[in-house]
Protein chains: 2
Amino acid sequence: MYRLADVITESCEALQRSSPVPLYYQLKEIFRSWIIAGRFNSGERFPSESALQKHFQVSRMTIRRALTELVNEGFLIRERGRGSFVVRPRVQSQLRRLTSFTEDMQLRGLRADSKFLDFCCVRDAEAARKMGVAEDEELVQIRRLRLVEGEPVALQNAYVRHALCPGIVEKGLIEGSLYKTIEDGYGLKLGRALQTVEAKPADEYEAGLLGIGVGQPVLILERLTYLANGEPVEYVRSSFRGDRYRFVIELVR
Amino acid sequence: MYRLADVITESCEALQRSSPVPLYYQLKEIFRSWIIAGRFNSGERFPSESALQKHFQVSRMTIRRALTELVNEGFLIRERGRGSFVVRPRVQSQLRRLTSFTEDMQLRGLRADSKFLDFCCVRDAEAARKMGVAEDEELVQIRRLRLVEGEPVALQNAYVRHALCPGIVEKGLIEGSLYKTIEDGYGLKLGRALQTVEAKPADEYEAGLLGIGVGQPVLILERLTYLANGEPVEYVRSSFRGDRYRFVIELVR
DNA sequence: AAGTGGTCTAGACCACGTT
DNA sequence: ACGTGGTCTAGACCACTTA
């Protein structure tokens, strides 16, 4: 037997109608907190739209917007005629998110360092071709050895279009993060990236810097990053130690 | 100078109000076709909501729903006070989609084959632990060598919970596809998967079946698949030839 | 000031599943 | 018959950008 009233009235959350935060967003966060706090078992019925509408005194469309976003984020599923159901053993989100190495390690609570090998303006026909820009366009090359907890983990070779972040070589990176610099330093909005992953034997250069034997497997990540408006901004090729790095992603059907 | 009327009136699409297909969906497909057909350059203004509303004679919310879904799919961006803008050099979608090996290869127009090595009921404590089910639960083990255009590319070792697809060993797979069998044969709805990728040297077993040297790099993909209701359904561990397979994903900021 | 997208309302009818 | 979610309408006010 399921009693909506019990679930809802246990909550002490209240909507702030004068807040600049939209109502649907406040509701979404309230619902999300219910689910994360374990107020429901997985597969259990979520309160119906009309029950929520009555309780929060908002229009049905506002409730629906909150619920729809939670469906898109994988916290709920809805079935016509039956109701909304909680999906609890939630696969962590953030796994499809475009993150920098720095952000990645911060999320896992690890200390990340960089050793700069190169930071200069260049013209590189191959990188330009991958980005789909003119072959003689000026690019900023940033070659770094990435360390986690003091151990070398990856070798990164990034190319950024100089036209989008002029003077970056002189100003340097904000907090050592290229993405933070692009976003906060130049006010650009990162959008999507296309990334390929493959496995290869390490060559002498990689082996030497990563401290592994020649021929040991390395993960090659190639990433082409676009701004929100669709312009290409960055091309990176990274070599990760196969024995120190594992790549996790979430897939949706 | 931008003239909305030109863009819109060039279209001969019409809404079918009696169709069971929702209006917002018809609109979405029309807008998507405009963008894919190249009616706009990348970054160009898309017609405003009010212009579209007048032209199609539907309410603004219906227009907005169509536009919102295109924004989520990366075809448009919207800026308050400025308008909606087309993002054309569209990174292919489908790259975050949960697909089977068979579907994957079909999408690329390649011929995929399988050589069954195992197809039987087992109990496997490690696989059960990964799925988070009782260690003595009955699982169906499917071990296959995957071939593309006649060449061995991957070794897959999948475990499916027998309780969710009873009799699968006797009935066999539909069109050689495990996911098709799960969905069409048993009416289950696949949801999400969590996948890890790493690089390792091939052991003798892998090397022998894949036709590569021992110690050559292989990509190890581990996938834990859930149904739409959150229940775990499958655990697969695959070894892909490093020199024949490259993994592509799309990341969003 | 005008135009844009962002949010919100209070209704409506429908298709579907359960009782 | 009833309750559920799915779609749709015709308004409203707001914040923001651009002219």
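The structure presented is a predicted model; accordingly, all values stated were derived computationally and were not measured. Throughout, a chain's letter reflects where its sequence line sits, starting with A, and its residues are numbered from 1.
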Regarding [X] and [Y], does a basic nitrogen lie under 4.0 Å from an acidic carboxylate oxygen?
{"X": "B:Arg223", "Y": "B:Glu234", "value": "no"}
{"X": "B:Glu73", "Y": "B:Lys28", "value": "yes"}
{"X": "B:Glu138", "Y": "B:Arg161", "value": "no"}

Exercise for review: List for me each residue that meets ring pair (Phe, Tyr, Trp, His ring centres under 6.0 Å) alongside B:Phe119, sequence neighbours excluded, and say none if there are none.
Suggested key: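 B:Phe119 satisfies ring pair (Phe, Tyr, Trp, His ring centres under 6.0 Å) with B:Phe116 only.
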Exercise for review: Could you tell me whether the side chain of A:Leu52 reaches within less than 4.5 Å of the side chain of A:Phe31, counting heavy atoms only?
Suggested key: yes
Rounded to the nearest angstrom, tell me the gap between atom [atom1] in [X] and atom [atom2] in [N].
{"X": "B:Gln57", "N": "D:dT9", "atom1": "CD", "atom2": "P", "result": "10 Å"}
{"X": "B:Arg78", "N": "D:dC16", "atom1": "CZ", "atom2": "P", "result": "17 Å"}
{"X": "A:Tyr24", "N": "C:dG6", "atom1": "OH", "atom2": "P", "result": "9 Å"}
{"X": "A:Ile63", "N": "C:dC8", "atom1": "CD1", "atom2": "C1'", "result": "12 Å"}
{"X": "B:Gln53", "N": "C:dG5", "atom1": "CD", "atom2": "P", "result": "11 Å"}
{"X": "B:Glu49", "N": "D:dT17", "atom1": "CD", "atom2": "C1'", "result": "15 Å"}
{"X": "A:Phe46", "N": "D:dG5", "atom1": "CZ", "atom2": "P", "result": "10 Å"}
{"X": "B:Leu76", "N": "C:dG6", "atom1": "CG", "atom2": "P", "result": "11 Å"}

Within less than 4.0 Å of OP1 or OP2 of [N], is there a side-chain N or O belonging to [X]?
{"X": "B:Ser84", "N": "C:dG5", "result": "yes"}
{"X": "B:Thr62", "N": "D:dT7", "result": "no"}
{"X": "B:Ser50", "N": "C:dG3", "result": "no"}
{"X": "A:Ser48", "N": "D:dT4", "result": "yes"}
{"X": "A:Arg65", "N": "C:dC8", "result": "no"}

Check your understanding: Across the strands shown, which category fits B:Arg64 at heavy-atom distances under 4.0 angstrom: base, sugar-phosphate, nothing?
Key ->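 Base, at least one base atom sits under 4.0 Å.
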Point to revise | Touch class at under 4.0 angstrom, heavy-atom based, for B:Leu67 against every strand present | key: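 It contacts nothing in the nucleic acid.
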**Study point:** Between B:Phe46 and B:Phe85, ring centroids under 6.0 Å
**Key:** no
**Study point:** Pairing residues for A:Arg60 by the side chain to side chain donor-acceptor pair (under 3.5 Å) criterion, not counting sequence neighbours
**Key:**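 By the side chain to side chain donor-acceptor pair (under 3.5 Å) rule, A:Arg60 matches A:Glu49.
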Practice item. Sugar-phosphate means primed atoms, P, OP1 and OP2; the rest is base. With that split, encode nucleotides 11-19 of chain C 5' to 3' as B, S or - using protein heavy atoms under 4.0 Å. Key: -B--BBSS-
